Amino acid sequence: MAQNGVAQSDRSSLHGQWSSRFAFVLAVSGSAVGLGNIWKFPYIAGQNGGGAFVLVYLFCVFCVGLPIMMSEVLLGRRGRRNPVSTMALLGEEESGTAAWGLVGASGAIAGFLILSFYSVIAGWTVAYIFKSMSGAFADPTAASVGAVFGSIAGSVEESGFWHTLFLGATIVLVALGVERGIERAVKFMMPALFIIMLVLLGYSMNMGEFERGFNFMFEPDFSKLSSQMILAAMGQAFFTLSIGMGAVMAYGAYLPQDASIVRTSFAVVCVDTAIAVLAGLVIFPIVFANDLDPTSGPGLIFQTLPLAFGQMPGGMYVAALFFLLLAFAALTSAISLMEPAVVWLMEVRDFSRPVAASLVGLVIWSLGFLTVLSFNTLSDFTFLKGTFFDNIDFLTSNIMLPLGGLAITVFCGWVMCTQSSVSELDPEAGSSYEIWRLLSRYVAPVALILVFLNAIGVFA
Ligand code: TRP
């Protein structure tokens, strides 16, 4: 650090700071924990055959995702600007070219695209709060729950309405800014969500098919390994950790200089993984106990969880509370998807926060209708990977985020001089720096390149 004579960045951020290290961990976990853990992880794991996918996913999370998350925080804190300017500035400093700003720009675009579908799915969870309260899931059967789901996702008006409502809330929170909006929202919702997941776990452990659900998730069947499955696992690792597009970088810009990047990132990755695994352990036993299809896709949690709630005493209220918390978890993630583009507009075009948030929000809102329509009017309109939703999801999670991550890890591991990264990643921590460097320089880039080459059939 400074006493070693290694230059440390003395920039301060333009838009305030987290009130504490804990607030930062909360905010990044708030970004990481969301629909990716509870909605997406179970259905992607289900579609890709369970155990083998989970194993590859865990490797991707800890050996590729974790070091890249550290790198993103490191870059954010060093640049102290929006991700586009941060990458341009550090690129200039470390390698004499501001072209690295493109990484930030493509990340901001990925954020737009992700939020466009994210908001639609999150809208469904908001709809489910009201459905639960109205007794729609009393005495549920697989068929009745499926019908409720169909009436929401299948209707342009319903789905569009909830999408509008959710995105509107996101815009308001982003317009309010760092301290007031984001921190406050995350502080109470994360622990509450965790507790209710534990309650659900207790329920699914008692309902008979727990062992089958458990084995489905943890008994790898290696015949299920395929190049597309490995790509999906890598994509899911990026999606769930919120890395590869600059969201974590934007949050890192507000991190106090004395906070440990290694420890905070590790904490976030563990929390995120725990919640995803918990979600799987809750959902698969319910799937098997009710003869549902684990490969049924994006509707999976919406068609399984109400079955569990319906059989609990007071289930109506537990269900409403659960979907409320899930909507909150989605909200704290949605905020982080918008933040990079908004801060960029603020800094580059001098817009105020509310104006920038509204403009970005409007574009995302319009794009969202491609996803709304993918589950009804345009559900048969498929190309490349499927519907509009399938394509936007594939393009962002499986291509843009991993490519962004590759650029970030190459930049931190190979382009940036050692002194710069040492000075940010507390060198007192000793071996953790060495491990980070090994993962960043070799393991992560090689894994990413292999996954891409494999996916386009180079090894076939
Ligand atoms: N990680 C969030 C989730 O699992 C989604 C998310 C928030 C995200 N910010 C992101 C995904 C940035 C990719 C990039 O629900």
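Predicted, not measured: the structure shown is a model, and the values here were computed from it. Each ligand, and each atom within it, is numbered from 1 in the order the structure gives. We count residues from 1, following the sequence as given.
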Legend entry - Distance filter under 4.0 Å to Thr240 heavy atoms, resulting ligand 1 atoms: 1 (N), 4 (O)
Legend entry - Part of Ser31 with heavy atoms under 4.0 Å of ligand 1, whether side chain, backbone, both or neither: both
Inset, instruction - Could you check which of Ser397, Ala247, Gly244, Ala32 puts a non-hydrogen atom nearest to atom 3 (C) of ligand 1? - result: Ala32
Inset, instruction - Could you tell me whether some N/O pair between Phe239 and ligand 1 is separated by less than 3.5 angstrom? - result: yes
Legend entry - Heavy atoms of other groups near Phe218 CZ, more than 12 under 6.0 Å: yes
Inset, instruction - Kindly indicate whether a cation-pi arrangement holds for Lys131 with Phe137, taking the cut-offs as under 6.0 Å to the six-membered ring centre and within 45° of the axis. - result: no
Inset, instruction - Provide the number and element of each atom of ligand 1 under 4.0 Å from a heavy atom of Met245. - result: 12 (C), 14 (C)
Legend entry - Pair Asp393 + Lys40, salt bridge at N-O below 4.0 Å: yes
Inset, instruction - Please could you name the atoms of ligand 1 that Leu401 approaches to less than 4.0 Å, counting only its heavy atoms? - result: 13 (C)
Legend entry - Nearest atoms (heavy-atom pairs only) where Ser106 meets Met400: O-CE, 3.6 Å
Inset, instruction - Before signing off on this row, confirm whether Leu35 and ligand 1 have an N or O atom pair separated by under 3.5 Å. - result: yes
Inset, instruction - Output the list of atoms in ligand 1 that are nearer than 4.0 Å to some heavy atom of Ile114, sorted by atom number. - result: 13 (C)
Inset, instruction - Could you grab the distance from atom CG of Leu401 to atom CE of Met234, nearest 0.5 Å is fine? - result: 12.0 Å
Inset, instruction - Would you mind finding which of Ser242, Gly235, Ala334 brings a heavy atom closest to atom 8 (C) of ligand 1? - result: Ser242
Inset, instruction - Under 4.0 Å, heavy atoms only, figure out whether ligand 1 is touched by the backbone of Asp272, its side chain, both or neither. - result: neither
Legend entry - Interfacing atoms of ligand 1 (cut-off 4.0 Å, heavy-atom, Leu337): 7 (C), 8 (C), 9 (N), 10 (C), 12 (C), 14 (C)
Inset, instruction - Compare all side-chain heavy atoms of Val61 with those of Leu66 and state whether any distance is below 4.5 angstrom. - result: no
Inset, instruction - Examine the side chains of Trp365 and Thr164 and answer whether a donor and an acceptor come within less than 3.5 Å of each other. - result: yes
Inset, instruction - Heavy-atom contacts with Ser336 under 4.0 Å: which atoms of ligand 1 show up? List them by number with element. - result: 7 (C), 9 (N)
Without placing hydrogens or testing angles, list every side-chain donor-acceptor pair under 3.5 Å for residues 265-277, not counting sequence neighbours.
| residue | atom | partner | partner atom | Å |
| --- | --- | --- | --- | --- |
| Ser265 | OG | Ile261 | O | 2.7 |
| Asp272 | OD1 | Asn37 | ND2 | 2.9 |
| Asp272 | OD1 | Thr240 | OG1 | 3.4 |
| Asp272 | OD2 | Asn37 | ND2 | 3.4 |
| Asp272 | OD2 | Thr240 | OG1 | 2.8 |
| Thr273 | OG1 | Val269 | O | 2.8 |

Inset, instruction - Take every heavy atom of Trp39, measure it against each atom of ligand 1, and state whether any distance is under 4.0 Å. - result: no
Legend entry - Steps toward side chain to side chain contact (heavy atoms under 4.5 Å, CB included) verdict (Arg78, Ser420): CA-CA 9 Å; Arg78 211 171 162 75; Ser420 307; 3.6 Å; yes
Inset, instruction - Could you verify whether a donor N or O on one side chain and an acceptor N or O on the other, from Ser379 and Asn376, lie under 3.5 Å apart? - result: no
Inset, instruction - Answer side chain, backbone, both or neither: which part of Thr396 comes under 4.0 Å from ligand 1, heavy atoms only. - result: neither
Legend entry - Contact atoms of ligand 1, heavy-atom distance to Gly36 under 4.0 Å: 3 (C), 4 (O), 15 (O)
